[in-house]
*Asks:* 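Attaching a single structure in structure tokens format; questions to follow.
Owing to the predicted nature of the structure, the values given are computational and were not obtained by experimental measurement. As the structure lists them, so they are numbered: ligands from 1, and atoms in each ligand from 1. Just so it is clear, the values below take in all heavy atoms, side chains as well, and ignore hydrogens, waters and symmetry mates.
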Amino acid sequence: MRGALGGPRLLLRRLREVMAEPISAQARLDKIVVQIASNMVAEVCSLYVLRADGALELYATEGLKSEAVHLTTMRSGEGLVGLIAKSAEPLALADAQKHPAFSYKPETGEEIYHSFLGVPVLRGGNTLGVLVVQNRARRTYSEEEVEALQTTAMLLAEMVASGELEALARPGDDIAVRRPLSLKGTAIVDGVGLGHAVLHEPRVEIKHIVAEDVQGEIERLDGAIAAMRESIDRLIDDGDHGGPGEHREILETFRMFAHDRGWLRRLRETVTTGLTAEAAVERVQNDARARLLRQTDPYLRGRLHDLDDLASRLLHQLTGQPLFVPREALPENAILVARAMGPAALLDYDRARLRGLVLDDGGATSHVAVVARALGIPTVGDVANITSLAEPGDAIIVDGTSGEVQVRPQSDVEGAYAEKARLRARRQEQYHALRDVPAVTKDGTPIELHMNAGLLVDVPHVAETGAASIGLFRTELQFMVAPQFPRMREQYALYKSVMDAVPDRPVTFRTLDIGGDKILPYMTAYEEENPALGWRAIRIGLDRPGLLRSQIRALLRAGAGRELRIMFPMVATVEEFERAKEIADREVAYLTRHDYALPAVLRLGVMVEVPSLLWQLDEVAEKADFLSVGSNDLIQYLFAADRDNKRVAGRFDPLSPPALRALKMIVDAGAAHGKPVTLCGEIGGKPLEAMALIAIGYRGLSMPPASLGPVKTMVLGLDLGQTAHFVKDLMSRHAGRHSLRDELRSFAKAHKVAL
Ligand code: PEP
Ligand code: MG
């Protein structure tokens, strides 16, 4: 195999010529394997291509019997070829037949060949096939030979990915690269979106794989690395972190990798095999991805993302291609596909063209999920490796309700989803028609349906849904999506815009509820064993009164001349509320002293979401102007079941006697003291739960915008007198039950209450 040492460059050049010839795909493959075998002084060269059914099919060979082409197949994991495909790693053996995985296929006539070298054909870390050379003599393949064959496999990866080989597949034996994929992730934002994949960070298209001038390529590579290092240093030194998501820690990791000797050496070595600088970056990254993708350790997988980002920066530096999709280049019906994404980046896209969002990294509590929810973009998160599995322009379907993502769906699947989307749209129209219909039960009790919000983009939903007002404005969302701490003037501007946009209805602002799962990227995080039980919300507000003071000042000023409602989250004792109220009083005094206009009416409320308040209800209802039940937290603390832990979140039912009793105590206390009580947790937006809440006495519910239509439809069909009687009886008869859900559902069905 002398040829392989001096020959990879020559081989690449020859292969490039073959690639350009106007011949059939099969003829091209046949020529390619001949060239590889001859250059590597091997008697055999074979290409196996991965099929949609997981089998590896022999697509071309020099040296094995030609009858075996398109006949011989290996299952994944079967034989040496299957092993390479599965492990995505090269395998070199002096005596292949002694390897326990060796599988003999008589039709190939390979029994006379002893040594074996196979490499995976990789693209974006995914295996597309296996390239093999074999020799009769028992020999050890050198590291350089393994490298050379891997480099050659890159060219073949491009050919497979281009779709050129599809014409060679027999019916039913489709090639895997373009196969339909049905993937499952975490459902984040409800809804179904059909469209075409747009990569948030477009993959760099490598047009030139083979170097014309190796020295020149090394210089290009060195130049690009230097420029990239400089730009990272600049970002760190300036403290200008280039936008949200690019926080110091990430940049420091980049810097570490950008100076990693092993990485740089591998890049240079790969260029010397005859690749262009950009092809070398891709090649080295492919290997790293294949290795890291098999890791289950989340820390190591996280490093893969950092390395991916770095390689991507380097590729953009080398090719001058843009790092992000230009706004005007976004197609209609775009399904955005991203590894991870900052919240501000999502806001930069034209919402009218976005049909869905799929994230590799990013679950329901990620900051981008907050924005996606506000924009109502069907979203699925935690879809491993999605940026490599979907090609730009691929048809793709996002089902944010079930958490399913269909890539390149077959027409029957597409038809089923299109029908689902049409049904949803029709239902939306029906809800829209109810916008101005008052929410009154059949027997005449009005129910106030409010809306939850947290960003300016939420506000138009008030008019669209006909919500009575914003019953919960989560002020922390502005803090979560911002690259740095919003100043008082920015807070003021947001609060004022929100109130201006809803001039005729009071907005209930909740003071900062950070900590727990709501983390600010720019704020020092304190390691806590149990963050949900830790330093969060009003606890931070009281310990760092400067923060709370400036927020209250911004609210008071923004609410000048109108009714302003402020409520405090995670209050555990009445005294905490009194201390918060003192801070508000002091701010009122300060603004009065300085001649600022004040709100016409100021109401201060308490969120009831820590169970200790259940035993201070009379006192808190007396002191507060209103109560708002945070059932998400209340239920998690009542049952000691983490709301974000999939194993336990659904274990206990809010529609159970203990939860309903607790909720009833709160609404009763409000009524006894003449104080309004609303409920603003997620259950208020679910028709069955809302039915039970109304039955036990709730007259105000605040919910996500999309829930208003379904809940109003339920209210309009409800006979409250009859339902209240039923629920009361149910709660007393089955006090020990885990759940009353089935009985409530049967009741609704029997009485034609729409759920
Ligand atoms: C709640 O806890 O129910 C609530 C409305 O607040 P959040 O979900 O923001 O904690
Ligand atoms: Mg809460």
Side-chain angles (χ1 to χ4, degrees), residues 188-189 343 363-367 369-371 373-374 449-455 458 467 469-481 507-520 530-541 551 565-572 576-577 580 605-614 620 626-645 649-650 652-655 659-660 662-663 666-667 677-686 689-690 693 698 700-708 711:
I188 297 185
V189 184
T365 52
S366 63
H367 294 176
V370 169
V371 173
R373 211 168 279 131
L449 304 183
H450 308 274
M451 195 192 93
N452 295 345
L455 295 170
D458 286 317
S469 87
I470 295 180
L472 164 64
F473 191 90
R474 293 179 160 106
T475 59
E476 65 275 7
L477 298 199
Q478 180 189 24
F479 287 69
M480 284 161 72
V481 305
V507 175
T508 304
F509 290 93
R510 173 174 78 185
T511 60
L512 265 187
D513 186 3
I514 46 172
D517 58 340
K518 295 161 182 159
I519 298 152
L520 305 185
N530 296 300
L533 305 179
W535 197 53
R536 49 176 302 194
I538 192 71
R539 300 168 185 185
I540 298 180
Q551 183 175 34
R565 297 188 190 181
I566 302 177
M567 64 181 177
F568 302 98
M570 297 290 294
V571 170
E576 282 184 331
F577 171 63
V606 171
M607 282 197 75
V608 183
E609 53 183 347
V610 180
S612 60
L613 275 191
L614 293 175
V620 80
F626 63 92
L627 302 180
S628 182
V629 182
S631 54
N632 303 339
D633 280 315
L634 185 64
I635 303 284
Q636 89 161 336
Y637 296 127
L638 267 182
F639 289 105
D642 183 348
R643 61 195 262 191
D644 292 322
N645 177 341
F652 302 100
D653 198 338
L655 293 179
L660 289 172
L663 293 165
I666 305 167
V667 78
V677 180
T678 34
L679 179 140
C680 61
E682 298 302 310
I683 56 171
K686 297 182 176 164
E689 281 83 342
L693 290 167
Y698 283 83
L701 301 172
S702 192
M703 61 197 72
S707 298
L708 265 125
V711 172

*Asks:* Given Gly471, Gly630, Ala532, identify the one with the heavy atom nearest to atom 1 (C) of ligand 1.
*Replies:*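 Nearest heavy atom to atom 1 (C) of ligand 1 lies in Gly630.
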*Asks:* Measure across Leu477 and Gly454 and return the closest heavy-atom pair with its distance rounded to 0.1 Å.
*Replies:* CB-O, 3.6 Å
*Asks:* I need the contact type for Arg643 against ligand 1. Using non-hydrogen atoms and a strict under-4.0 Å cut-off, is it side chain, backbone, both or neither?
*Replies:*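 Looking at Arg643 and ligand 1, just side chain atoms fall under 4.0 Å.
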*Asks:* In terms of atom number and element, which parts of ligand 1 are under 4.0 angstrom from non-hydrogen atoms of Glu609?
*Replies:* 1 (C), 2 (O)
*Asks:* Is the shortest N/O to N/O distance between Arg536 and ligand 1 below 3.5 Å?
*Replies:* no
*Asks:* What residue and heavy atom of the protein are closest to atom 3 (O) of ligand 1, and at what distance?
*Replies:* Asn632 N, 2.7 Å
*Asks:* For ligand 1, which part of Leu472 has a heavy atom less than 4.0 Å away: the side chain, the backbone, both, or neither?
*Replies:*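 It is the side chain that touches ligand 1; the backbone stays farther off.
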*Asks:* Spell out, as yes or no, whether a donor-acceptor pair under 3.5 Å connects the side chain of Thr475 to the backbone of Leu512.
*Replies:* yes
*Asks:* Of all the N, O or S atoms in Asp633, which has the shortest distance to the Mg ion (ligand 2)?
*Replies:* OD2
*Asks:* Specify side chain, backbone, both or neither for Arg510, according to which of its non-hydrogen atoms lie closer than 4.0 Å to ligand 1.
*Replies:*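 For Arg510, the contact with ligand 1 is made by the side chain alone.
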*Asks:* Numbering the atoms of ligand 1 from 1, which are under 4.0 Å from a heavy atom of Cys680?
*Replies:*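 Atoms satisfying the 4.0 Å criterion: 5 (C).
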*Asks:* Kindly indicate whether the side chain of Ile666, heavy atoms from C-beta on, has any atom under 4.5 Å from the side chain of Leu634.
*Replies:* yes
*Asks:* Backbone, side chain, both or neither: what part of Arg474 comes under 4.0 angstrom of ligand 1, heavy atoms only?
*Replies:*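 It is the side chain that touches ligand 1; the backbone stays farther off.
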*Asks:* Checking the side chain of Arg539 only, and the main-chain atoms of Gly534 only, is there a donor and an acceptor separated by less than 3.5 Å?
*Replies:*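 Answer holds: yes.
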*Asks:* Taking C-beta and beyond as the side chain, do His450 and Leu472 meet within less than 4.5 Å on heavy atoms?
*Replies:*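 The answer is no; the side chains never approach within 4.5 Å.
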*Asks:* Restricting to N, O or S, what is the name of the atom of Glu609 that lies nearest the Mg ion (ligand 2)?
*Replies:* OE1
*Asks:* Keeping Glu576 on the side-chain end and Val571 on the backbone end, is there a donor-acceptor pair under 3.5 Å?
*Replies:* no
*Asks:* Provide the closest heavy-atom pair for Ala641 versus Phe652 in the form atom of the first, atom of the second, distance.
*Replies:* CB-CD1, 3.8 Å
*Asks:* Where the side chain of Tyr637 meets the backbone of Ala532, is there a donor-acceptor pair that is under 3.5 Å apart?
*Replies:* yes
